[in-house]
There are 4 protein chains.
Amino acid sequence: MVVAPKARAYELGTSRYERIVDAAAELFRAKGYEGTSITEIAEAAGLTKGSLYHYIHTKEDLLYAIVEEAHHSTAALGEQLVVSRADAVDKLRMAVERHLRGTEKNLTKIRVFYREFSGLPHERFAEIIARRDTYERAIRDLVRQGQDEGTFAAHLDTRLTAASILATLNSVQAWFRPDGELSMTEVIDGFTDLLLRSVGVETRPERLESRAR
Amino acid sequence: MVVAPKARAYELGTSRYERIVDAAAELFRAKGYEGTSITEIAEAAGLTKGSLYHYIHTKEDLLYAIVEEAHHSTAALGEQLVVSRADAVDKLRMAVERHLRGTEKNLTKIRVFYREFSGLPHERFAEIIARRDTYERAIRDLVRQGQDEGTFAAHLDTRLTAASILATLNSVQAWFRPDGELSMTEVIDGFTDLLLRSVGVETRPERLESRAR
Amino acid sequence: MVVAPKARAYELGTSRYERIVDAAAELFRAKGYEGTSITEIAEAAGLTKGSLYHYIHTKEDLLYAIVEEAHHSTAALGEQLVVSRADAVDKLRMAVERHLRGTEKNLTKIRVFYREFSGLPHERFAEIIARRDTYERAIRDLVRQGQDEGTFAAHLDTRLTAASILATLNSVQAWFRPDGELSMTEVIDGFTDLLLRSVGVETRPERLESRAR
Amino acid sequence: MVVAPKARAYELGTSRYERIVDAAAELFRAKGYEGTSITEIAEAAGLTKGSLYHYIHTKEDLLYAIVEEAHHSTAALGEQLVVSRADAVDKLRMAVERHLRGTEKNLTKIRVFYREFSGLPHERFAEIIARRDTYERAIRDLVRQGQDEGTFAAHLDTRLTAASILATLNSVQAWFRPDGELSMTEVIDGFTDLLLRSVGVETRPERLESRAR
DNA sequence: CATGAATGAGGGTTCATTCAT
DNA sequence: CATGAATGAACCCTCATTCAT
C-alpha cells in the first residue's frame, strides 16, 4: 500500500530523510534487514523511534528506498546499451565500465540489495526480476550483435555468456573495498580484459609478452 | 555452543532428522531464515513445535547443518586442486565440472547458504570466510600455474582472474533449475569454454566455423 | 491427587527410589526445585527421563518425599517434649540436642525444605504449618513450664521466647557444614548455653572467670 | 548485565516503575519468583505484557530491584555499628531496634529476599553474601567489644553468638504481621531482653517478680 | 515536529508428562 | 522395566506500529 516516501522528504538537499535512508542502509548491510530494529535506525539517524515515523510509513519503505536507489544506475545502463550505435566490443567495454562505476558509487546500498532482495514481498520482487531480465536481455543482445559482427565467437550460447558476464560484474559488490588494494579502475581493466577474451575477442596483444602477472 | 545435531539422528537412511533439515532448507530458501518460523518447519516436517526440539537445540542449528552440508563438496574440491598433478588447463576443467556438479547435487542448501551466510554469527561467519579464502587461493594458484606452464596469459592478475572464475561458478545456484532448459552438462561445457578462453587458452577451434549460437 | 510414591519403591534397602530422592534433594538444594529439570534428576540417578516415571508420579512427589523425610525427626521431637517428665531446663537441653542432631543427619533435605516450603501447594503448605505450630506450641509450653518451675524468668513472653529459640535452631541448616570449623557438638553446647541464659537460667558459672572467647 | 531501571522511572513520587516493583514484590512473595509470570505482574500493575517492557529489561531486573531495596537499610546498619562509639550493650539495643524497624518498613521486599536469594545468579549471590558477611562481622565485633568491656560473658564463642543474634532478628520477617497481635515495639523489647540476657547481661531485674507471661 | 508510552501479535524455547514399543 | 519420541501449554521477550500530548 504505502510505497512513496512522504512528500516533503525529497525537497531538501541532504535532507533528514536521506540521512535516515543512509543510516538504514549501513545498518541493513551490517546486520541485515530483519536483524536491524527501528530503534537502531532512529538512533543512528539521531531521532527517537516515534519521530522516525514522521518520515516513513513502514520499515519496509526504507528497504524499498534503498533498493530503488541501488537500481537507478543499473536500470539506465540496460537501456543505453540497447539504443547505442556502438559495436559490440565497445558496448561490452561500456557495460563493464558503467556497471562497476555504479557499483562503486552506491556500494552500500547495492550490497543491501544483494543481501535482501530475495526477501522482498512478491510484487517488489517481481519488479526487480523484471528489471534484471531486461538488463540481461540487453547483454544477450550485445553478445549476439558481437557474433553478427564477427568479433565474438560464433558458438557461444548467449544465455550462458550473458550469465557469466553478469555474474562477474555483480560479484564485485561483495568484495570490493574503496580503501582496498585494488582500485576500481584496475578492476574495470582486468575484467574488461577477461570478459572480452572469454567471448573470443583478442585483446592486449602488445602486453602478452612484456608483462607479468 | 550447541553445534552437533543430537547423536542418533545420523544413523538411519533418511532419518527424521534429515527430513527436518530438508524441510528447513526448502523453507529457508523460499522465505529466508528469519522469515521462517519454527512452527512452519515443524509442520513441514510433520511434527509439532515441541517435538522438533528433540532433534535440534536451536533454530540456528538447522541453519548450520544446512550450511555445513552445502560446503562439504566444495571444501574437498579446493584441496584436491592443490594436491593434483594435472596441468592448469585440466585443473580448471576439473574445477568447473566438480564445482557445478556439487551445485547441482545440493542446490537448495547452497542457495540457502548464499542467501543467509552474511547473517551468520561471527564465529561461524569467520569459519566460512576462511574456507572460502582457502578455496580462492587454490584457484589463484591454479592461474599462476597456468601462467608458469605458458598456457595462460602472462599478464593476468591472479586475484581478479580467480574472482571472475568463482563469480561465474557461484552464480549458477541463483538461476539454475533442474527442470530448466539448460542441463548442468551444458552449463559446464559452456562455462568451461568461456573461462578457458578468458584466461587465454585457445579452445574449441574446430567448432568456431561450424556452429552457431 | 498423587501423594504416595509407588508401592514397591519402599521395599529395598537403598533402593533405586531412594537414590532418586537423594539425587533430587541434592539438585533441589543447589539449583532450586523450579530450577531443576526432570531430565537432570534422571541423569543424576542414572536413568532416562522416561524410566524415572516408573518410580514417581510427579516431580512434586519428589519434593514431598524430601520434605517428609526432613520432618520425620522434628515432628517426633515435639511430641516427645510434650510427654516427657523432665524439668524445663532438661527439656530445653534435649530440644537443642535432638533438633540439631536431626539437622546434622538430614542436612541436605532440610535445606531443601527451607528453600522450597513456601512454594508448596496450599494443602501441603497447611500441613507443614500445622506441624510447625504443634512444635512451636510444645516449645511455648516448655517455656511456661520453666516459668512455673521458677527456673525461667517470669516476665518472658512465651511466643517471642519460643520464636527466638526456634529461629536459632532453624538457622543452623543454612550455614552448618559437616566439614566446617565448628562441629555440631560445639554448636549444640554453644546454643544451649546461649538459649538457657536468654531465658534466665544461670549456666556455666564455673567457666565464667576462667575461659576466654 | 542490565541492572539499572530505565532512567525516568526514578523521578516521580510514586512512579509507574515503583508501582510495578511493588506489584512484583507482592506477587513474588506470595507465589515465588519462578511461580510468577510476567503477564501477572503486568496485570497487577495495570499494563499489558508488552508495555511492561518499557520499564524493565528483564524479569530478573525486578527481583534485583526488590532485593536491592530490601537491603538498603540493613547494609547501612552494619557500618553504623562499626563506627559507633557506644558501648556494646547500647550497640546491641541499637542493632535490634534498627534491624527490626527496617524489617517492619520493608516487610514484603525482605520476605521476597529471603525466599529467593538462594536462586540468584552467582554474581548477585556473591554480592549478597559479601554484604551479609560484613554485617555478621560487625555483630561479632560487637560481641567481642562487650566481652572486653566486661559486660558480656567471657566464654562466648563470637561466631555462634552472632549467628544466634542474627537468626533471631532475621526470623521476624517470616512471621511478623503488621496487623498481628504483637506490635513491632513489643518484638523489639522482647528480643532485646532475650538477646542481652543470652550474652550475659543482667536486664529487667525490676520486672522479675512483678510481671507474668 | 517531536516523543514517551502503550500495544498486541508472534517468536523461540523449555519442560513435565504420556505412551507405544 | 526401560526408553525414545511426541506433545502442548506456558513462558519470557522483541518489535513494528499507533497515538495523545
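In the text below, chain A, chain B and the rest are named by the order of the sequence lines, each starting its count at 1.
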inquiry  = Working note: A:S118 + B:R115, criterion side-chain hydrogen bond (donor to acceptor under 3.5 Å, both in side chains); need CA distance, chi angles, decisive distance, verdict.
reply    = CA-CA 8 Å; A:S118 35; B:R115 177 162 184 177; 3.3 Å; yes
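The pair C:K109-C:E18 does not count as a salt bridge, with every side-chain nitrogen at least 4.0 angstrom from each carboxylate oxygen.
The interatomic distance linking C:F28 (CZ) with E:dA16 (C1') rounds to 12 Å, in whole Å. Distance OH (B:Y33) to P (E:dG11): 13 Å, rounded to an integer number of Å. If you take NE2 of C:H57 and C1' of E:dT18, they are 14 Å apart, rounded to a whole angstrom. What separates CG of D:D61 from P of F:dT14 is a distance of 11 Å, to the nearest Å. B:K59 places its NZ atom 17 Å from the C1' atom of E:dT14, with the value rounded to the nearest Å. Put simply, NE2 on B:H54 is 12 Å from P on F:dG8, counting in whole angstrom units. Atom CD1 in C:I56 sits about 16 Å away from atom P in F:dC1, given to the nearest Å.
Phosphate proximity of E:dG12 to B:T58: absent, as no side-chain N or O sits under 4.0 Å from OP1 or OP2. An OP1 or OP2 oxygen of E:dA6 is reached within less than 4.0 angstrom by a side-chain nitrogen or oxygen of D:Y55. Contact between the side-chain N/O atoms of D:R16 and the OP1/OP2 oxygens of E:dA6 is found at a separation under 4.0 Å.
Nucleotide F:dC1 forms no Watson-Crick or G-U wobble pair with any nucleotide shown, as no partner meets the under 3.5 Å limit on both distances. Shown here, E:dT13 forms a base pair with F:dA10; the pair counts as Watson-Crick or G-U wobble because both key distances fall under 3.5 Å.
Of all heavy-atom pairs between B:L27 and B:T36, the closest is O-OG1, 3.4 Å. Scanning all heavy atoms of the two residues, the minimum distance from B:L63 to B:V112 falls at CD1-CG1, 3.9 Å.
Ring geometry for C:F125 against C:H122 counts as tilted: the plane angle lies between 30° and 60°, on a 0 to 90° scale.
Within residues 34-50 of chain C, the residues that place at least one heavy atom under 4.0 Å from DNA chain E are, in residue-number order, C:T36, C:S37, C:I38, C:K49.
Nearest nucleotide to the B:Y53 side chain, out of F:dC12, E:dT13, F:dT17: E:dT13. Here the side chain of D:S51 is nearest to one of E:dT13, E:dA6, F:dC13, namely E:dA6.
Applying the ring pair (Phe, Tyr, Trp, His ring centres under 6.0 Å) definition to pairs two or more places apart or across chains, those involving residues 30-50 of chain D are D:F28-D:Y33.
If C:E60 and A:L52 are placed on DNA chain E by their nearest nucleotide, the residue sitting closer to the 5' end is A:L52.
A:N106 places none of its side-chain heavy atoms less than 4.5 Å from the side chain of A:H71.
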